[in-house]
Protein chains: 2
Amino acid sequence: MSPDYDLTQYQNPLFTVDSVLFTILQDSLKVLLVKRANAPFKGRWGLPGGFVDVELDDNTDMSALRKIKEKTSVAPQYLEQLQAFSGINRDPRGFSVTLVYYALISPQQVATQIDSVDDVRWVDLSEIPDLAVAFDHKHIIEKAKARLQQKALYSMIPVYCLPDQFTIGQLKTAIEAIISKPIQRKSLVRRIEASNMFEALDEKVKSGGRLAQLYKLKPDVDIVHFERNLSLG
Amino acid sequence: MSPDYDLTQYQNPLFTVDSVLFTILQDSLKVLLVKRANAPFKGRWGLPGGFVDVELDDNTDMSALRKIKEKTSVAPQYLEQLQAFSGINRDPRGFSVTLVYYALISPQQVATQIDSVDDVRWVDLSEIPDLAVAFDHKHIIEKAKARLQQKALYSMIPVYCLPDQFTIGQLKTAIEAIISKPIQRKSLVRRIEASNMFEALDEKVKSGGRLAQLYKLKPDVDIVHFERNLSLG
DNA sequence: CAAATAGTGTCTTTAAGACAATATATA
DNA sequence: TATATATTGTCTTAAAGACACTATTTG
């Protein structure tokens, strides 16, 4: 074997793939945590993830998806790479790299699955600071939340936290839960119109007052990125 | 050893760190390529990068920086993680992951170093499609360029492709080289003012017409993100 | 002075913010 | 009818686009 191929000269870092799975439940933002079955941090809550399985995964997207499916039994509606986190100290076993994805899913899709087990739980973002979390996963969750907040200002990705039929009120609530700020309903209506991503259904639904129009994503639409952010204030 | 720690049950993917280093040279966007000294793709042009050295690198940022310094002898003014690229087919040696950074540097900082060797070269972005490039690095360069273009619309990062003293005209030219579209000088002036990131020097400099005001970054400023994009057209 | 580039003034345009007004449910 | 929520209308505001106009330098 040529020295060019001598991979043993470098100690390959420990490489894992983890995911921050978000949803909106009870009008607030939740993240999926899993009770760790193995050391290190056995018994603590952590992000769903693990090692790449070269036999099963064509790439890391599939590793992330496979691990999410193991815990929720369904594929999320939205999945995107966040970033890698690495370091000499983040895992007691040595230099490690975790490639982190973040994902959005509607709570209905996973409700029965999650309610039936006690090692998987939706955790409110407000509980995270006080919770003992494995590795640097607390930090990772904060980064994922920041990215989601940013993206909510110039795109419609919060719809992927909702059922596929939803009202403008639900979408408004979801966005406000994500960014922790009220937004103008009118701005949202304008964006729904301008993006051309959605279609109004014939159906309307109860809401406590006037019936609300149901919308759904048009099939196979691309996500529109608006050229301005919603304002924070 | 507990089975929890049995890492041999998984074949750890091949992990590398690569960087797409950009600069502005002759009013156009260039990327730094390195002639590969080793297989695979020995002799082809590729991105600077390589394996993590657990002895030298505290994290992957330092791996990226170390490799860039090896080729240019200086640290870039801007360095940010782009994304990981992975797959079963992108490296003949098997499942591999490369964590890619992109970086910006002023050409003056590296000119003498690069001119003195023949295995490192600034390549114009327009040459990339016709060039034989190692691995999936052509695809990676396109992704890095897209990210840089996007970011140029709502931030001032193109200044990191310039010398630390620069004129508005130079910055305008740099942005236009990155996004391949003309922009309004007035918009740029307004952003320089609004961002409060820069200070005008006492000095002015020749430009072919009226003398141009020199600016520099204020020390330790954070990069401002504007709430709107410059328009494409 | 002509040409070139720098810098300013200002009107227009675009899309969001603010919020009033109207519509339609339920108790 | 009172209340709650949905929907629409429209005026204001913020920041970019367009582009004319002035300023300053060199040949």
(request) Using whole Å, report how far CD1 of B:Ile179 lies from P of D:dG17. (result) 9 Å
(request) Check the side chains of B:Asn229 and A:Tyr154 for a donor-acceptor pair under 3.5 angstrom, ignoring hydrogens and angles. (result) no
(request) Would you kindly check whether a donor in the side chain of B:Arg190 faces an acceptor in the base of D:dG17, or vice versa, at under 3.5 angstrom? (result) yes
(message) If I take atom CG in residue A:Leu214 and atom P in nucleotide C:dA25, what distance separates them, rounded to the nearest angstrom?
(response) 14 Å
(message) Measure CZ/A:Phe226 against C1'/D:dA16 and give the value in whole Å, please.
(response) 19 Å
(request) Among the candidates C:dT5, C:dT10, C:dG7, find the nucleotide nearest to the side-chain atoms of B:Lys186. (result) C:dT10
(message) With a 4.0 Å cutoff (strictly under), does any side-chain N or O of A:Ser231 reach OP1 or OP2 of C:dA16?
(response) no
(request) Calculate the interatomic distance between A:Gln184 atom CD and C:dA18 atom P; express it in whole Å. (result) 5 Å
(request) Would you mind telling me which of C:dA16, C:dA25, C:dG7 lies closest to the side-chain atoms of A:Leu211? (result) C:dA25
(message) Side chain of B:Arg228 only, heavy atoms from C-beta on: which candidate in D:dA6, D:dA16, C:dG17 is closest?
(response) D:dA16
(request) Just call it for A:Arg191: base, sugar-phosphate, or nothing, with non-hydrogen atoms closer than 4.0 Å on any strand. (result) sugar-phosphate
(message) Could you check whether B:Arg191 makes a cation-pi contact with B:Phe226, meaning its NZ or CZ is under 6.0 Å from the centre of the six-membered ring and within 45° of the ring axis?
(response) yes
(message) Once you apply a heavy-atom cut-off of 4.0 Å, does A:Gln213 come out as touching a base, just sugar-phosphate, or nothing?
(response) sugar-phosphate
(message) Categorize B:Ile183 for me: base, sugar-phosphate, or nothing, with a 4.0 angstrom heavy-atom threshold over every strand shown.
(response) nothing
(request) Find the distance B:Glu176:CD to D:dG17:C1' and express it as a whole number of Å. (result) 14 Å
(request) Specify the residue among B:Tyr215 and B:Gly209 whose closest nucleotide of DNA chain C lies further upstream toward the 5′ end. (result) B:Gly209
(message) Rounded to whole Å, how long is the line connecting atom CG of B:Leu153 with atom C1' of D:dA16?
(response) 12 Å
(request) To the nearest Å, give me how far apart CD (B:Glu193) and C1' (D:dA16) are. (result) 16 Å
(request) Anything under 30° is parallel, anything over 60° is perpendicular, the rest tilted; go ahead and classify A:Tyr160 against A:Tyr78. (result) parallel
(message) What's the closest nucleotide to the side chain of B:Arg210 if the choices are D:dT10, C:dT10, C:dA6?
(response) C:dA6
(request) Give the rounded distance in Å between these two atoms: NZ of A:Lys204 and P of D:dA4. (result) 22 Å
(message) Looking at B:Lys143, I want to see if its NZ is surrounded by more than 12 non-hydrogen atoms of other residues, nucleotides or ligands under 6.0 Å.
(response) no
(message) For the residue pair A:Arg36 and A:Trp45, would you count it as a cation-pi contact if the rule is NZ or CZ under 6.0 angstrom from the ring centre and within 45 degrees of the ring axis?
(response) no
(message) Reading DNA chain C from 5' onward, which residue's closest nucleotide shows up sooner: B:Ala212 or A:Leu232?
(response) B:Ala212
